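Written out below as structure tokens is the structure these notes cover.
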Amino acid sequence: VLGRWRLTQTVEITTTLKQTQLFQFLSTAISCTSMDEFRRLYLQLCKDHDTEPQESVLQQLKELGSSPKHGPSRLDLSTISLHVDTCAVLGKALSTDRSFSEIRLSDCMLNEEGAKLFLHGLCSNTTVKNLDLKGNNLRGVGAESIGKLLKFNKSLRSVCLEWNSLGMFASSFTILCEGLGANHTLQVLDLRNNQITHDEAAEIAAALKKNQTLRTLDLRWNNVGIVGGRELLSSLQHNKTLTKMELSGNNVPADTIKAIEQALSTNADRILLTSEYQDRTRMLTNEIDSIKKDRTMQVSDLLDRIDQQNENLSKTQRSSAHKIGRLQEALEERKSSFKSLAAKLKMTEAALALAEQKSHDLGKLLTKSRQENNQSQVHHQAELIKEKEDRNASEAKMRKELSDVHDRNLHLESKVDELERRNRAQQDQVFELKETVAHLNAQMKITSTQSDERQQREQQKHKDAMKDADHLRQQEVSRVRLEAEETERVLKERIQKMEMHRMELEEEISCHKSSLVSEKSNYEEQLQQAKSRIKHEQQQRVSQLEERLRREQMSKEELQNHSDHQSSQITELQSKHTGAVMEIEGLKRKIEDINQELAGKNAEKMTAVEKVRLELNQQAAKLEAEKLSNSELNERLEKLEKQLRDQNHRHREERRDLETEVTSLREQVRMKDAEISRIRDDEAQRARMLQSAINNYVGGATGGRS
């Protein structure tokens with residue numbers, strides 16, 4: 001059985017690996033097919049809207065379809081400058097597309113109208129979960145479009161809006177916050193560097209009071225201020241799902257940040273406790289379902305046994321009923337034979353009655369003949385007496401008549417003898433018929449007695465079989481009842497033992513819990529004290545670092561303004577340079593035309609050409625001087641960038657030092673958590689021992705019943 005189980009496990013593993021390989025192959029093929037379909041849809045929509053397809057977009061779609069680096073579900077058009085018509089076509093294509101789950105449009109230089117058309121198409125999309133619109137300088141119309149997207153889209157999980165200007169227009173940002181408050185799917189929102197002030201922060205706080213799904217909110221490098229921080233803190237009294245909020249670089253006081261962190265940690269602990277409670281509830285429901293399943297299996301096995309016994313009993317009853325039916329059929333055949341014999345007997349009795357009637361008629365004829373004979377004898381005697389009286393006169397005549405009478409008498413006697421002989425023959429026949437009837441009656445009585453005896457024997461056998469079956473069934477029922485009572489008694493004893501053991505374990509667990517609670521309270525007090533001390537020190541350091549960072553930020557802003565001024569000068573110089581290049585090209589074309597037209601007058605026009613060349617050389621010298629100034633400006637920019645990098649490096653080193661301190665504190669907390677987890681593991685091991693004991697009890701109950 002173990003070898004067969006291992007064989008089935010290996011077969012299942014191989015089939016699973018084959019299925020995963022096939023799924024990967026099919027997903028790759030489907031990704032290529034879906035990318036090609038999206039490309040064809042893009043071309044078709046461009047054709048329908050009389051728009052020229054953008055070559056950079058087509059090239060990017062072709063590269064994504066030929067080599068899907070990041071999976072089949074990502075559409076990456078970052079750093080590609082998208083036109084308004086292209087944004088409209090992409091929005092219409094994505095409104096019905098079901099193949100992408102992530103879209104990246106960072107640094108695409110989207111204008112307000114293009115972003116509006118693109119986001120309007122995404123409102124009806126149901127598969128995109130991640131959207132990246134970083135660095136697109138979105139403002140009023142873009143904020144309104146994003147608010148509508150958050151309000152109507154039901155699939156987005158993460159939205160990145162870093163490096164935009166969404167907070168410039170308060171009314172538009174209010175629409176964005178209304179969409180955030182009405183959204184029920186978004187979990188991550190990145191609003192870094194969006195010029196958000198305390199008014200916009202109040203709108204975000206009002207949206208957070210309504211939103212119940214957002215987990216992470218990033219508001220770094222904005223201008224939330226003290227009022228905005230307080231508004232966000234008040235919103236956390238109503239929002240119980242937000243677990244992470246970044247507020248660095250917003251001029252928010254340390255105490256407000258500390259209170260926000262405490263509220264966020266409370267939300268995180270609440271979510272963690274809720275998830276643990278749900279996991280434990282799920283585990284207990286699974287255990288209860290398994291126990292119910294085992295009990296139902298036991299009950300079904302017992303019911304199957306009872307059904308099998310009932311089926312066997314029904315089979316015996318059917319066989320006995322079949323035998324009784326066969327006996328009844330034999331009895332019916334015997335009854336039919338008896339009925340036929342009775343009919344024959346009635347026929348013979350009728351024939352006998354007819355013969356008796358005939359014999360009676362013959363007896364009547366015989367008596368009548370005798371009476372006639374007696375009458376004739378009396379008449380003859382009278383005649384003889386008369387003749388005796390007249391003998392003398394007519395003796396001869398009388399003798400002659402006497403002889404005639406004697407002959408007649410002989411003839412009548414012969415007739416009487418014959419009739420008597422016939423009567424005796426008929427009496428002999430009647431006697432023989434009576435003997436046959438008596439013999440048939442005797443045979444019928446014998447056969448009826450034999451059939452009655454056989455029927456009684458069969459009935460007795462059937463009664464004995466039924467008694468034996470009832471006796472066996474009663475014995476089986478009594479045996480099953482005794483076994484059930486015995487198992488019930490054993491189970492009750494085991495249950496009592498398990499209850500006693502459970503009570504002991506519960507007492508021990510309660511003792512351990514009380515000790516754990518006391519230790520945990522002590523550890524929490526120590527941890528709270530350490531946290532408060534560390535947070536106080538960290539707040540001091542953070543305040544110092546923030547002060548330094550604010551000064552650096554001011555210097556950075558000054559340098560940024562200076563660099564912006566220099567970049568504007570560079571753009572002006574570049575425009576002048578391009579104008580000069582265009583002028584040079586025009587002059588070159590003019591020179592070529594003049595050379596073609598005035599080929600025969602070169603000597604006369606050499607002075608004009610030399611003047612033009614001198615002017616061009618002067619302009620070229622001016623351009624070279626401007627290039628040198630541009631190079632100097634670039635060197636100054638590189639120096640400034642180097643200074644910024646050095647400042648960032650120093651900031652990183654200081655932050656790294658803080659992170660090392662935080663990691664050491666986390667290590668201490670982790671050691672405490674490891675000790676608590678060890679205690680929890682001990683409790684879990686005891687719970688597993690209790691569960692194994694319950695399983696053994698259930699297995700013992702199942703074995704006892706089987």
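Predicted, not measured: the structure shown is a model, and the values here were computed from it.
- Although no hydrogens or angles enter the test, the distance criterion places a donor-acceptor pair under 3.5 Å between the side chain of Asn250 and the main chain of Val224.
- For the atom pair CG (Leu189) and CG (Leu214), the distance works out to 6.0 Å, reported to the nearest 0.5 Å.
- With a 4.5 Å cut-off on side-chain heavy atoms, Glu231 and His198 do not count as touching.
- Heavy-atom minimum distance, Cys108 versus Ser78: SG-CA, 4.1 Å.
- A donor-acceptor pair under 3.5 Å is formed between the side chain of Asn222 and the backbone N or O of Arg220.
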Task: Stepwise side-chain contact (heavy atoms from CB on, under 4.5 Å) test for Glu37 and Leu41 - done: CA-CA 6 Å; Glu37 289 179 356; Leu41 178 61; over 6 Å; no
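- Residues Leu90 and Leu77 meet the side-chain proximity criterion, which asks for heavy atoms closer than 4.5 Å.
- In terms of heavy atoms, Gln54 sits closest to Tyr42 at N-OH, 3.2 Å.
- Listed for the Asn211 side chain is a donor-acceptor partner under 3.5 Å among the backbone atoms of Asn183.
- Side-chain N or O atoms of Gln60 include none that pairs as donor or acceptor with a backbone N or O of Val57 at under 3.5 Å.
- For Glu667, the side chain to side chain donor-acceptor pair (under 3.5 Å) partners are Arg670, not counting sequence neighbours.
- Remark: the backbone N or O of Ala206 is not paired with any side-chain donor or acceptor of Ser235 at under 3.5 angstrom.
- Met283 CE: more than 12 foreign heavy atoms inside a 6.0 Å radius.
- Side-chain contact, Glu287 with Ser290: no donor N or O sits under 3.5 Å from an acceptor N or O.
- Contact of the Arg157 side chain with the Thr185 side chain is registered, since non-hydrogen atoms from C-beta on lie closer than 4.5 Å.
- In this structure the side chain of Ile257 reaches within 4.5 angstrom of the side chain of Glu261, judged on heavy atoms.
- For Gln237, the side chain to side chain donor-acceptor pair (under 3.5 Å) criterion is met by no residue, not counting sequence neighbours.
- Of the N and O atoms on the side chains of Gln212 and Thr241, not one donor lies less than 3.5 Å from an acceptor on the other residue.
- Listed by chain and number, the residues in a side chain to side chain donor-acceptor pair (under 3.5 Å) with Asp190 are Arg192 (sequence neighbours excluded).
- To the nearest 0.5 Å, the span separating CZ on Phe169 from CG on Leu176 amounts to 14.0 Å.
- Ser99 and Asp97 are linked by a side-chain donor-acceptor pair at a separation below 3.5 angstrom, with hydrogens and angles left out of the test.
- The main-chain N or O of Asn164 is never found under 3.5 Å from a side-chain atom of Asn136 such that the two would form a donor-acceptor pair.
- In this structure, the separation between CD on Gln195 and CE on Met168 is 5.5 Å, given to the nearest 0.5 Å.
- Using a 3.5 Å distance cut-off with no hydrogens or angles, the side chains of Asn137 and Ser165 do pair a donor with an acceptor.
- In the displayed structure, Lys209 atom NZ is contacted under 6.0 Å by more than 12 heavy atoms of other residues, nucleotides or ligands.
- Nearest heavy atom pair, residue Thr256 against residue Arg230, reads CG2-N, 4.0 Å.
- In terms of heavy atoms, Ser81 sits closest to Met109 at OG-CB, 4.4 Å.
- Between the side chain of Thr127 and the backbone N or O of Phe100 there is at least one donor-acceptor pair closer than 3.5 Å.
- Scanning all heavy atoms of the two residues, the minimum distance from Gly225 to Val252 falls at O-CG2, 3.6 Å.
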Open item on the list: Pair Cys123, Asn153 - check side-chain contact (heavy atoms from CB on, under 4.5 Å), show working.
Closed with: CA-CA 5 Å; Cys123 287; Asn153 189 280; 5.7 Å; no
TODO: Begin with the C-alpha distance, continue with both residues' side-chain angles, and end with the deciding distance and a verdict on side-chain hydrogen bond (donor to acceptor under 3.5 Å, both in side chains) for Thr126 and Arg98.
DONE: CA-CA 7 Å; Thr126 58; Arg98 298 293 182 271; 3.2 Å; yes
Task: Audit row: Leu105, Phe118, side-chain contact (heavy atoms from CB on, under 4.5 Å) steps and yes/no - done: CA-CA 11 Å; Leu105 297 178; Phe118 180 78; 3.3 Å; yes
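- The backbone N or O of Val84 lies less than 3.5 Å from no partner atom in the side chain of Asn111, so there is not a single donor-acceptor pair.
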Can you give the donor-acceptor pairs under 3.5 Å from side chains of residues 266-274 to other protein atoms, not counting sequence neighbours?
{"unit_1": "Thr266", "atom_1": "OG1", "unit_2": "Gln262", "atom_2": "O", "d": "2.8"}
{"unit_1": "Asn267", "atom_1": "OD1", "unit_2": "Arg270", "atom_2": "NH1", "d": "2.9"}
{"unit_1": "Asn267", "atom_1": "ND2", "unit_2": "Asn239", "atom_2": "O", "d": "3.4"}
{"unit_1": "Asn267", "atom_1": "ND2", "unit_2": "Leu242", "atom_2": "O", "d": "2.9"}
{"unit_1": "Thr274", "atom_1": "OG1", "unit_2": "Arg270", "atom_2": "O", "d": "2.7"}

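- Between the side chain of Thr213 and the main chain of Gln187, no donor-acceptor pair closer than 3.5 Å is present.
- Considering only residues two or more places apart in sequence or on other chains, Glu102 meets the salt bridge (Lys or Arg N to Asp or Glu O under 4.0 Å) condition with Arg74, Arg104.
- The shortest distance between side-chain heavy atoms of Asp107 and Trp163 does not fall below 4.5 Å.
- To the nearest 0.5 Å, atoms CG (Leu149) and CG (Leu133) are separated by 8.5 Å.
- Counting heavy atoms from C-beta outward, Thr86 and Thr51 have side chains that stay 4.5 Å or more apart.
- Closest approach of Asn193 and Trp221 over heavy atoms only: OD1-CB, 3.1 Å.
- Taking the side chain as every heavy atom from C-beta outward, His120 and Lys116 never approach each other to under 4.5 Å.
- Separation of atoms CG (Leu117) and SG (Cys87) is listed at 7.5 Å; rounding is to 0.5 Å.
- Heavy atoms from other residues, nucleotides or ligands lying under 6.0 Å from NZ of Lys244 number 12 at most.
- Atom NZ of Lys129 sits in a crowded spot, with more than 12 heavy atoms from other residues, nucleotides or ligands closer than 6.0 Å.
- With sequence neighbours excluded, the residues satisfying salt bridge (Lys or Arg N to Asp or Glu O under 4.0 Å) with Asp279 are Arg282.
- Neither side chain, Asp681 nor Gln685, offers a donor N or O lying under 3.5 Å from an acceptor on the other.
- In this structure, Asp199 contributes its side chain and Ala170 its backbone to no donor-acceptor pair below 3.5 Å.
- Here CZ of Arg280 is found 10.0 Å from OG of Ser275. Values are rounded to the nearest 0.5 Å.
- Residues Leu58 and Leu43 are in side-chain contact: their nearest non-hydrogen atoms beyond the backbone lie under 4.5 Å apart.
- The environment of Ile226 atom CD1 is sparse: at most 12 non-hydrogen atoms of other residues, nucleotides or ligands sit within 6.0 angstrom.
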- [ ] Begin with the C-alpha distance, continue with both residues' side-chain angles, and end with the deciding distance and a verdict on side-chain contact (heavy atoms from CB on, under 4.5 Å) for Leu208 and Met245.
- [x] CA-CA 12 Å; Leu208 289 177; Met245 183 187 294; 4.1 Å; yes
